[in-house]
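Quick note on labels: first sequence line is chain A, next is B, and so on, each numbered from 1. Computed over heavy atoms, backbone and side chain alike; hydrogens, waters and symmetry mates excluded.
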Amino acid sequence: MSEQVIDRDSIPKSYAPSEIEAGIIAKWDEANIGHGDPSNEKSQFSILIPPPNVTAPLHIGHALNSTLQDVLIRWHRMRGFNTLWMPGTDHAGIATQTVVEKRLMQQEKKKRTDFERGEFVARVQEWKDEYEATILRQFKSLGASCDWDRTRFTMDPVCTAAVREAFFKMFQDDLIYRGKRLVNWDPVTLTALADDEVEMKEVAGHMYYLRYPLEDGSGFVTVATTRPETMLGDSAVAVNPEDPRAEELRGKSIRLPIVGRVIPIVEDDYVVMPGDGDDPKAAFATGFLKVTPAHDPNDWEIGLRHNLEVINVMASDGSISSNYGWDDCSSEAEQYLGLSREDARVAIIDWFKANDLVEDIKPYDHSVGHSYRSHVPIEPYLSDQWYVRVTDDKLGGEALRALAAEQYEGSPPKRESGEQSGDGELRFTPARYAKTFQSWHENLRDWCISRQLWWGHQIPIWTKEISIDAEVLFPYQGEDSTTFATQHDEAEGTITIYVCVRGGHDDVEQALVSDGFVRDEDVLDTWFSSALWPLSTMGWPTPVNFPDTEGLLEKFNPTSVLVTGRDIITLWVSRMTMLNRYFQNGTLPFNDVFINPMIQDGFGQRMSKSLGNGVDPRDIISTHGADAMRYALTQLSTGTQDVRLTIDLICPHSGKTFEPEYVKSQTGHEVMAPIQTSPSDETKKISTLYGLLIGASEDSEETPLAVNTSSRFDVGRNFANKFWNSARFAMLNISSPAVNVSNADLLPVDVWMLSRIVHATEKLDEALSDYQFNVAAETLYDLLWRDFCDWYLEAIKPTIKENEYQQRTLLTVLNVICRLLHPVCPFVTEAMWSHLCELDSGIIEGIELDDKDVLALANWPVIDGIELDAQVIASFEALQALVTAIRGARASSGVRPNRRIDVTLSGYLHALAAKHDVTLQALAGIDNICEGADVKDGMPIQIEGQTVCLSNMFDAEEAHTQMEKLDEEIASLEKKINGMKNRLNNES
RNA sequence: GGUCCAUUGGCGCAGUUGGCUAGCGCGCUUGCAUGACACGCAAGAGGUCACUGGUUCAAAUCCAGUAUGGACCACCA
């Protein structure tokens with residue numbers, strides 16, 4: 001056995017992440033550390049990645065989300081669980097289609113409709129392939145230990161099969177239906193949106209007071225509206241039955257201006273009366289409400305109650321049109337056809353003004369729904385759409401009952417048997433988010449799932465219209481392959497047949513087509529396939545067709561925990577819960593939901609591309625390293641609050657950093673720019689370019705001159721470097737061959753250090769079990785920095801070279817620290833591990849550490865039955881207090897740092913000092929340790945009521961200078977005192 | 001309008017069932033090129049825990065109210 005195993009030059013002096021990370025990733029790939037094996041008997045721990053949209057590269061929020069998942073996965077893997085972390089991406093229907101359409105317009109000046117559907121989808125597919133590859137590379141570069149062989153995409157064959165089957169079954173069970181409703185229509189992207197895809201924005205608008213003449217010429221009523229342009233589709237005026245004016249108007253009609261339509265006055269208690277104190281609308285109300293069932297959701301409801309005509313006066317792009325259900329367009333009204341909503345509003349108000357029918361126009365601020373994609377106001381628009389009946393107890397009710405009893409009063413008590421029922425087993429961390437989940441389900445409305453897009457899962461419905469007199473003859477009825485529904489339209493005299501074809505029956509599809517059926521053009525809402533993610537990724541329902549998914553569902557569903565952001569509790573968490581329970585006998589897709597913090601910029605704003613305040617994890621990895629990023633993100637995951645990430649702009653060429661501020665760019669956007677405290681050419685250049693680039697286009701692909709980073713990651717870089725260096729130092733001190741260490745061979749400092757790793761392991765386990773990531777990070781920091789580096793390494797310096805037992809203890813401690821740090825800082829620990837493996841660590845009884853070439857696959861330290869003398873530990877802690885006190889006294893009295901002084905103590909303190917003499921001498925700069933109770937010379941200090949005396953603190957010359965210094969200080973203080981005294985005397 | 005969250009030294013945050021002197025990182029001050037690390041070491045300054053009242057032997061912590069900030073839901077008269 002060689003004397004010195006580690007060559008001093010083989011480990012560089014400081015940690016350079018960029019030189020090491022790629023090699024480590026390759027090592028993990030080769031060892032296939034992420035592989036989850038369904039046939040493995042060990043208990044499972046599984047996580048499904050919230051699949052990021054393929055619209056753009058990952059941002060720092062994704063990095064946070066993935067880091068936390070990876071910490072949990074690596075920790076469980078080391079603890080011996082059979083782990084599966086399933087990666088993947090989401091096709092993100094409308095979002096992806098929108099960015100691709102935008103790019104085609106910019107680069108090729110082409111619209112979607114300039115392509116065949118298949119052609120266009122192929123272009124989107126190209127985009128998807130590019131970004132999916134980028135995203136997966138990003139995941140890998142931040143150290144994610146997913147099961148890469150099972151990477152899924154929401155439009156993979158395996159996922160498509162699940163979508164087909166889910167749709168089929170729900171259609172069969174009448175949980176999916178066709179309905180003519182007002183939907184949230186996006187007039188730019190030309191698609192319906194779900195309620196939660198609508199963003200409310202405050203808009204400074206106007207309240208228009210319009211006079212509607214009574215048909216009999218006996219006067220008029222004044223209606224108040226914010227949307228005068230919809231008056232073309234008015235089919236009634238409503239008044240509250242309690243309103244005193246209601247009675248004399250009863251039975252009368254209105255002649256609608258411009259159109260000339262005669263419309264009834266209906267009585268409905270939805271109408272707010274002016275002066276009704278409680279309702280804020282009362283201040284603006286006239287008591288008369290124009291009713292436009294085709295263009296307002298509330299009016300739609302009134303229309304249903306009073307059986308009113310539904311007159312749609314707009315085309316799908318929001319322009320005024322008589323082609324979509326407006327039959328009585330007058331010649332007067334024709335002038336408005338083709339105008340946009342906005343232009344029509346102006347023109348119609350002009351008409352009312354010209355005809356003296358405008359009573360008033362008041363400024364009015366209100367919030368208006370906007371499309372979360374195109375950002376234009378939503379148009380409530382009448383159309384035929386597909387809905388999921390989430391209001392059915394089988395879906396919404398089941399999801400609600402999943403909530404754990406301690407988080408939701410209405411939850412059924414947990415079953416006594418060990419059987420998993422799903423009821424009351426869903427637990428949110430932090431617990432308050434259970435309330436978000438609960439109130440969402442208590443106010444559910446059916447879910448509109450059809451989208452008028454090309455990118456997505458096409459709805460598996462084939463349609464044919466037949467005469468109402470014709471017999472509905474359908475050759476496939478009753479077969480396992482199809483199910484159908486019909487819709488009768490008495491007015492048109494038609495029956496529409498909707499046939500849903502189960503997946504894998506191409507012959508039936510062809511037969512339908514030759515029979516005159518046409519497939520529904522629309523695709524499903526992205527969240528429909530996302531809702532099936534826990535099932536589809538694991539091969540539900542037909543594992544036979546996808547052999548690599550065999551056994552996954554049985555082994556890994558329910559998954560252990562879902563880590564996600566609070567913004568998708570309703571969009572995603574709820575729907576996964578519903579569908580998983582519905583298709584899997586009530587079992588849940590996951591038992592725990594951990595809601596990770598949201599990252600904001602230093603000013604508390606959401607990060608976004610258009611603000612220019614986004615942070616790309618790749619930039620952080622290049623400036624700080626992946627471990628640094630992971631450590632910092634773990635540390636700021638406190639669970640209670642959102643986190644602010646102060647952003648620094650750094651110029652990659654010069655390395656200069658700038659503080660950002662928000663300025664108006666030339667396009668009018670608020671964008672981030674460097675503060676020009678001392679305007680240099682460089683600041684100006686970056687500022688201008690930054691503003692231009694970010695302001696010019698949201699999807700700008702050019703790299704700005706400056707890169708966003710944050711000094712918040714410095715703590716992580718320092719931490720990783722500290723580990724690197726301390727490990728290097730420790731290993732360079734190993735010179736003796738391996739030896740087994742028994743308790744009797746340990747010095748007090750070794751016993752103390754072992755007690756610290758026991759303590760840290762327990763605390764870490766507890767913190768991670770409770771998803772207290774910040775506590776975990778803090779625990780690691782204290783262990784590595786405070787305990788190991790500040791105390792242990794310093795304390796053993798005098799003895800380590802000679803003491804072979806201590807060398808083995810040091811190696812064992814380092815080995816344990818390596819393992820404990822690994823889930824949070826996998827790269828630097830894995831890199832050190834290969835050096836550590838070159839040394840034979842020996843054995844310390846009570847600490848179980850296996851031998852593995854790859855740290856990621858090594859075991860979590862099992863510290864069991866190690867006997868550490870509590871008195872020895874306590875005595876080391878007492879020594880720490882003594883050292884601290886002496887250091888403080890030395891510093892405050894100006895002793896030269898490298899001077900060795902004498903200390904005189906008595907009683908138990910002397911015994912303590914004598915026992916730890918070498919350590920005390922090294923840590924506190926002590927020369928002689930003397931025993932004595934009463935010392936005349938020297939400086940007395942108090943420690944726990946005992947007097948300790950320091951002496952020999954200065955040589956003659958130093959003593960002289962020190963005296964002079966003190967004299968000066970006394971003189972200056974006396975001067976101050978006299979000054980104060982004089983002032984007091986003068987004032988009194 | 002409804003629900004929820006936050007307010008702790010200059011900055012960013014911990015403080016889980018009330019209980020030793022309220023912690024941590026950055027920054028700041030003083031000193032240090034010490035044979036692991038200046039991405040470092042040692043010592044230090046800095047907080048009436050937003051405000052008002054209450055419960056208690058004891059409140060940053062529990063209760064009520066006020067102020068400020070934020071998030072979500074509802075709402076196009």
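Using P as the reference atom, B:rG9 and B:rG46 are 15 Å apart when rounded to the nearest Å. One C1' atom belongs to B:rG25, the other to B:rC39, and the distance between them is 14 Å to the nearest Å. Remark: the separation of the C1' atoms in B:rA14 and B:rA74 is 36 Å, to the nearest Å. B:rC57 and B:rU68: their P atoms are spaced 35 Å apart (whole Å). Nucleotides B:rC63 and B:rG1, compared at atom P, are 24 Å apart to the nearest Å. Comparing the P positions of B:rU17 and B:rU61 gives a spacing of 12 Å, expressed to the nearest Å. The same atom, P, is picked in B:rC51 and in B:rA67; the two are 16 Å apart, to the nearest Å.
In this entry the distance linking NE2 of A:His441 with P of B:rC72 reads 19 Å, nearest Å. Atoms CG (A:Leu571) and C1' (B:rC73) sit 13 Å apart, rounded to a whole Å. Atom P of nucleotide B:rG40 and atom CZ of A:Arg717 are separated by 8 Å, given to the nearest angstrom. When rounded to the nearest whole Å, the span between CZ of A:Phe729 and C1' of B:rC41 equals 13 Å.
Nearest-nucleotide mapping onto RNA chain B: of A:Asn718 and A:Ala891, the residue sitting toward the 5' end is A:Asn718. Sequence order on RNA chain B of the closest nucleotides to A:Lys13 and A:Gly369 puts A:Lys13 first from the 5' end.
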Table of protein N/O atoms under 3.5 Å from nucleotides 16-24 of chain B N/O atoms:
residue : atom : partner  : partner atom : Å
B:rU16  : O2   : A:Gln772 : NE2          : 3.3
B:rU16  : N3   : A:Gln772 : OE1          : 3.2
B:rU16  : N3   : A:Gln772 : NE2          : 2.8

Write down the protein N/O and nucleotide N/O pairs, taken from nucleotides 62-64 of chain B, whose separation is under 3.5 Å; answer none if there are no such pairs.
none

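For residues 877-885 of chain A, proximity to RNA chain B is found at no residue, defined as any non-hydrogen atom under 4.0 angstrom from a strand atom.
Closest contact between the side chain of A:Arg887 and the listed nucleotides B:rA43, B:rC76, B:rA36 involves B:rA43.
A salt bridge does not link A:Glu229 with A:Arg341: every distance from a Lys NZ or Arg NE/NH1/NH2 to an Asp or Glu carboxylate oxygen is 4.0 Å or more.
With hydrogens and angles ignored, no donor-acceptor pair under 3.5 angstrom links the side chain of A:Lys435 to the base of B:rC4.
In this structure A:Tyr631 satisfies the ring-ring contact (aromatic ring centres under 6.0 Å, His included) test together with A:Phe719, sequence neighbours excluded. Every residue meeting the ring-ring contact (aromatic ring centres under 6.0 Å, His included) condition with A:Trp185, not counting sequence neighbours, appears here in chain and number order: A:Tyr381.
A donor and an acceptor atom, one from each side chain of A:Asn240 and A:Tyr270, are nowhere located under 3.5 Å apart.
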Dot-bracket for RNA chain B, 5' to 3', with Watson-Crick and G-U pairs under 3.5 Å, [ ] for crossing pairs and | for other-strand pairs: what is it?
(((((((..((((.....[...)))).(((((.......))))).....(((((..]....))))))))))))....

